[in-house]
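Quantities reported herein were computed from a predicted structural model and do not represent experimental measurements. Values below: all heavy atoms of this structure, side chains included; hydrogens, waters and symmetry mates excluded. The chains referred to below are lettered A, B, ... by the order of the sequence lines, with proteins before strands, and numbering in each begins at 1.
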Amino acid sequence: MGFLCNWCSYAGADLAGVSRIQYPTNIRIIRVMCSGRVDPTFVVDAFLHGIDGVLVLGCHLGDCHYITGNYEAEIKMSSLSKLLNIVKFSDRMQLDWVSAAEGNRFAQIVSEFTKHIQELGPSPIKENKTKTQCIDDLEAVKSVLESSRLRGLIARQRDLVTEKNVYGNQIPAEKFENLLNDAIYNEFVRHKIVIKIKEIGKSVPDIANEIGIKAKEVLEHIVVLRSRGLVDVHEINEEIPTFISIRGG
Amino acid sequence: MSSEDIRIGVFICHCGTNIGGVLDVPSLTDYARSLPNVTYSADNLYTCSEVGLTEIKENIKEHELNRVIVASCSPRTHEPLFRAICQEAGLNPYLFEMVNIRDQDSWVHMKEPEKGTDKARDLIRMSVYKAALLEPLERVKVAVTHSAFIIGGGIAGMTAALNLGNQGFKIFLIEKEPELGGLLNSLNKVFPSNEDASKLLEIIDMIESHDNIKLYKSSVIENITGFVGNYNVVIKQNKKTINIDAGVIIVATGAIPLSPEGYFGYDKKKIISQLDLERLLKDDQVKANNITMILCVGCRNEERRYCSNICCMSAIKNAMLLIEKNPNTHITILFRDIQAAGTDYEKYYRRAREMGILFIKYLPEKPPIIKKDLVDVYSDLLNQDIKIPQDLVVLSTPLIANEDSEVLAKMLKVPLEENNFFLEAHVKLRPVDFATDGVYVCGSAHWPADIAESTSQANAAASRASIILWKDQLEVEGSTAEVKTELCIGCEACIRICPYSAITKDEETDTAIVNKVVCKGCGLCGASCPKNAIIIHHFTSDQIRAEIFTYGGEI
């Protein structure tokens with residue numbers, strides 16, 4: 001599946017047609033006005049619906065019809081890619097730039113990406129063995145991307161690192177990057193915990209075991225999630241508490 | 001509107017054999033009919049023909065269609081036409097949706113008709129599901145400033161200025177040099193009529209004395225803001241800042257000749273450029289009997305792949321002028337290919353041959369070698385080296401894009417092609433328009449053009465611009481962003497992200513509001529809003545998700 005901006009990449013795809021450049025039939029194109037319109041959750045939705053690979057194509061940096069749209073796309077897709085990397089889906093998504101004059105480049109990107117996806121094979125979400133795990137992972141990614149916490153951070157990224165705040169301070173790009181990376185990872189684990197204890201109450205060691213992280217880490221996240229009112233104590237069995245999601249995730 | 005009320009009509013175009021020759025259009029038509037909410041489907045030989053369009057209109061009425069889908073070429077070229085037809089039939093134009101099964105399917109999968117048809121089936125299905133969620137939208141109306149801002153005082157810019165000025169519009173013409181005329185100032189005579197360039201420059205007087213044309217010479221552009229019908233340009237003239245309001249902008253910045261520095265030992269004395277020769281001819285200072293001209297110097301190579309279009313004819317012109325002046329002159333033109341398309345130009349070329357000008361084709365891998373009194377060249381035709389006596393060598397170099405094109409393109413938000421010439425909206429359908437409404441291009445800013453081409457493009461650009469200038473108000477695209485006030489938390493993320501400053505904060509409610517006239521519908525704000533409080537009309541999250549879900553299906 002490909003998300004193409006109307007002005008450059010979609011026009012580039014049209015030019016490939018006018019020039020009769022042949023490429024694989026696997027791609028289905030969704031036209032958007034700007035690559036910056038592509039909400040990262042669209043990409044996750046595509047994976048959740050069994051699509052094997054997603055291309056997001058915009059104008060070359062600096063050439064965006066909407067001036068800064070593709071920079072925003074780059075920021076959004078970079079955070080998305082970090083999240084997808086945790087759940088091993090990041091190599092099924094590619095952000096690239098194609099101008100209205102680059103019919104050849106468009107066909108080449110589609111051909112190479114198709115080959116790349118064919119080498120990776122069908123999405124693991126379509127295999128019985130890995131299906132549940134994939135759905136849990138991707139749902140967690142999606143809920144992180146839907147959370148106003150991360151969206152707010154992503155939306156302000158360019159602004160925060162390029163301009164001074166009201167106190168005249170500017171956040172260094174590197175510092176922001178670390179902050180964002182931590183936020184992405186922590187939020188992902190938290191959302192995953194919420195999904196794991198959606199229906200059945202589970203103890204901290206059990207959750208830690210299921211997700212594959214240390215019990216201490218789980219406990220820290222549970223404390224945060226409790227303070228946000230997302231998780232509560234379910235019951236206490238032989239002095240070991242179990243926790244459950246409230247508000248249904 | 002509940003889903004039971006949705007009546008979709010799907011029209012599938014054969015485009016002659018362009019689509020029908022590859023994809024199985026009848027089966028696609030049957031397939032479309034089987035999809036939910038589709039009331040009617042049909043195939044046409046050419047949906048965009050009078051017959052096809054009438055059929056859409058009639059079926060909207062007959063079958064009470066409230067959504068129309070056309071599966072054919074690209075919405076980038078044909079959506080406006082089909083939308084207008086829907087509107088004529090009383091259907092809101094935003095209830096129209098287009099599927100690209102030609103440019104992005106039949107043309108690129110010519111050898112895989114079955115897979116191509118499968119792809120078209122998916123694309124039509126995605127579109128049907130999206131169409132069910134489309135909403136009617138209204139276009140906002142804005143007033144138009146009846147003036148034009150024209151950038152560049154060469155022949156193209158002056159012709160456009162005169163055209164629009166004579167129609168009665170106020171023109172602001174800006175030129176960075178102290179004088180009007182551009183490249184024409186450095187020419188002697190012009191082909192194919194061989195009249196004096198100065199005769200064409202008489203237009204300068206008409207421009208300078210025109211009541212409707214305000215001239216800004218030695219001026220530069222500082223900033224451009226606004227939108228179709230309402231542009232604001234800030235220019236600087238002698239440290240003075242001037243604000244100009246204009247409804248349209250025409251780019252006529254021309255191009256510059258590449259200096260042959262570094263090619264064939266260019267020394268401006270014995271080895272000169274074609275432009276140097278123009279000056280010598282003008283002053284009647286040519287003192288040579290054996291002249292060799294080399295074409296395609298510095299172009300059609302790795303660095304500049306393009307043909308500069310005008311050099312063949314200007315070399316032929318100067319060769320003929322030299323012989324007319326002194327019939328004993330021997331002239332050899334070393335060429336790679338001769339571009340002389342068009343009746344007059346072909347005749348011109350033949351006349352040059354009849355006059356005894358020698359044309360020798362050289363190969364780029366075996367370029368001519370200039371020696372003291374000779375030019376050594378390998379002729380592919382004769383399969384041998386030829387030695388030509390010379391006392392003057394003239395090099396034809398291409399026109400290249402202006403250095404400031406990039407800056408101007410960014411200010412105007414219009415694209416450049418790979419050689420930094422301005423890129424039009426569509427090579428055939430919109431050759432002098434940009435994708436950005438109200439901005440046009442003509443002359444060598446777009447591509448090396450001779451005078452006839454420059455003036456016809458300038459008149460074309462002026463005529464396109466006048467479509468806007470004659471209107472009192474314009475309808476602005478209805479697919480814009482809208483804030484759901486009840487969800488907005490006033491975080492201002494959208495205000496900072498919007499490239500057009502179209503979003504402001506309503507101090508009373510502490511929520512964001514969108515100026516629909518300024519909004520371009522790019523969707524950046526919607527994709528970023530922490531609370532998902534912004535609807536991007538016509539590309540709503542629900543509509544896009546419908547396309548994703550329809551293609552992906554359930555796992």
**Item:** Contact winner vs chain B - A/N6, A/D39, A/D14, A/I51, heavy-atom pairs under 4.5 Å
**Value:**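 Of the options given, most contacts go to A/D14.
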**Message:** I need the single residue from A/R156, A/R37, A/K76 that forms a side-chain hydrogen bond (donor to acceptor under 3.5 Å, both in side chains) with B/S528. Which is it?
**Reply:**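 Result: among A/R156, A/R37, A/K76, A/K76 is the only option passing the side-chain hydrogen bond (donor to acceptor under 3.5 Å, both in side chains) with B/S528.
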**Message:** I want to check something: taking the side chain as every heavy atom from C-beta on, are B/I544 and A/V38 in contact at a cut-off of under 4.5 Å?
**Reply:**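 No, side chains not in contact.
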**Prompt:** When only pairs under 4.5 Å are counted, which of B/S541, B/G526, B/C73 shares the most heavy-atom pairs with chain A?
**Reply:**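 The answer is B/S541.
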**Asked** Which of the residues B/P75, B/C491, B/A409 is involved in the greatest number of heavy-atom pairs with chain A at under 4.5 angstrom?
**Response**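 Heavy-atom pairs under 4.5 Å are most numerous for B/P75.
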**Prompt:** Just how far is it from atom CG of B/L524 to atom OH of A/Y71, taken to the nearest 0.5 Å?
**Reply:**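 The CG atom of B/L524 sits 13.5 Å away from the OH atom of A/Y71.
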**Item:** Qualifying side chain to side chain donor-acceptor pair (under 3.5 Å) pairs, either residue in residues 114-127 of chain A, two or more places apart
**Value:**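 Sorted result for residues 114-127 of chain A: A/D52-A/K126.
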**Request:** With a 4.5 Å cut-off on heavy-atom pairs, point out which of B/P499, B/G552, B/A527 contacts chain A the most.
**Result:**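 Among B/P499, B/G552, B/A527, the one with the most close pairs to chain A is B/A527.
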**Asked** Can you tell me how far the CG atom of B/D105 sits from the CZ atom of A/R28, to the nearest 0.5 Å?
**Response**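 Here the interatomic distance stands at 8.0 Å.
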**Asked** Going from OG on A/S148 to CG on B/L487, what distance comes out if it is rounded to the nearest 0.5 angstrom?
**Response**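 Nearest 0.5 Å value for the OG-CG distance: 11.5 Å.
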**Message:** Taking atom NZ as the centre, does A/K82 end up with more than 12 heavy-atom neighbours from other residues, nucleotides or ligands that are less than 6.0 angstrom away?
**Reply:**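 Atom NZ in A/K82 is packed in, count exceeds 12.
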**Message:** So for A/E72, is it side chain, backbone, both, or neither that comes closer than 4.5 Å to the heavy atoms of chain B?
**Reply:**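 For A/E72, the contact with chain B is made by the side chain alone.
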**Item:** Rounded distance (nearest 0.5 Å) linking atom CD1 of A/I29 with atom CG of B/D122
**Value:**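 Between atom CD1 of A/I29 and atom CG of B/D122 there are 12.5 Å.
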**Asked** Which bit of A/R149 is near chain B, if near means a heavy-atom gap under 4.5 Å: side chain, backbone, both or neither?
**Response**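 Neither part; nothing is under 4.5 Å.
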**Request:** Would you list the pairs meeting disulfide bond (SG atoms under 2.5 Å apart) in which at least one residue belongs to residues 118-155 of chain A, sequence neighbours left out?
**Result:**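 Found none.
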**Prompt:** What residue, out of B/E417, B/K111, B/K520, has the most heavy-atom pairs lying under 4.5 Å from chain A?
**Reply:**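 If we count pairs closer than 4.5 Å to chain A, B/K520 comes out on top.
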**Message:** Using every non-hydrogen atom in the two residues, find where A/V18 and B/W107 come nearest and quote the distance to one decimal.
**Reply:**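 Minimum heavy-atom separation between A/V18 and B/W107: N-CE3, 3.6 Å.
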**Message:** Once rounded to the nearest 0.5 Å, what's the spacing between atom SG of B/C529 and atom CZ of A/R151?
**Reply:**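 Reported value, rounded in 0.5 Å steps: 7.0 Å.
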**Nearest heavy atoms of B/R76 and A/W7, plus distance in Å** =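 Closest heavy-atom pair between B/R76 and A/W7: NH2-O, 3.7 Å.
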**Asked** Considering only heavy atoms, which portion of B/E547 lies under 4.5 Å from any heavy atom of chain A: side chain, backbone, both, or neither?
**Response**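 Contact with chain A involves both backbone and side-chain atoms of B/E547.
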**Request:** Considering only heavy atoms and a distance below 4.5 Å, find which of B/R545, B/R102, B/E112, B/K115 pairs most often with chain A.
**Result:**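 Counting heavy-atom pairs under 4.5 Å, the top option is B/R545.
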**Item:** A/E146 side chain to B/P530 backbone, donor-acceptor under 3.5 Å
**Value:**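 Absent.
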**Message:** Could you measure the distance from the CE atom of B/M110 to the CZ atom of A/R20? Nearest 0.5 Å is fine.
**Reply:**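 So the gap between those two atoms works out to 5.5 Å.
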**Asked** Is A/M33 close to B/E477 at the side-chain level, that is, under 4.5 Å between some pair of heavy atoms?
**Response**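 Answer no - side chains too far apart.
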**Request:** Between chain A and each of B/V427, B/N18, B/N100, B/L423, count heavy-atom pairs under 4.5 Å; write down the option with the most.
**Result:**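 Highest number of pairs under 4.5 Å: B/N100.
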**Side chain, backbone, both or neither of A/I27 within contact of chain B (heavy atoms, under 4.5 Å)** =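 A/I27 touches chain B through backbone and side-chain heavy atoms alike.
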**Request:** Sort A/F106 into side chain, backbone, both or neither according to what part of it lies under 4.5 angstrom from a heavy atom of chain B.
**Result:**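 No part of A/F106 comes within 4.5 Å of chain B.
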**Item:** Heavy-atom contact with chain B under 4.5 Å, split by part of A/A107
**Value:**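 No part of A/A107 comes within 4.5 Å of chain B.
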**Backbone N/O of B/E554 and side chain of A/H49: donor-acceptor pair under 3.5 Å** =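 Not at all, since once roles are kept as given, no pair shorter than 3.5 Å links the two residues.
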**Item:** B/H109 side chain to A/Q22 backbone, donor-acceptor under 3.5 Å
**Value:**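 No; judged by distance alone, with no hydrogens or angles, the pair does not exist.
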**Asked** Among A/S99, A/G69, A/C59, which residue forms the greatest number of heavy-atom pairs with chain B at distances under 4.5 Å?
**Response**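 Between A/S99, A/G69, A/C59, the count favours A/G69.
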**Prompt:** Looking only at heavy atoms, which two atoms of A/N26 and B/Y551 are closest? And how far apart?
**Reply:**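 Reported closest heavy-atom pair: O-OH, 3.7 Å.
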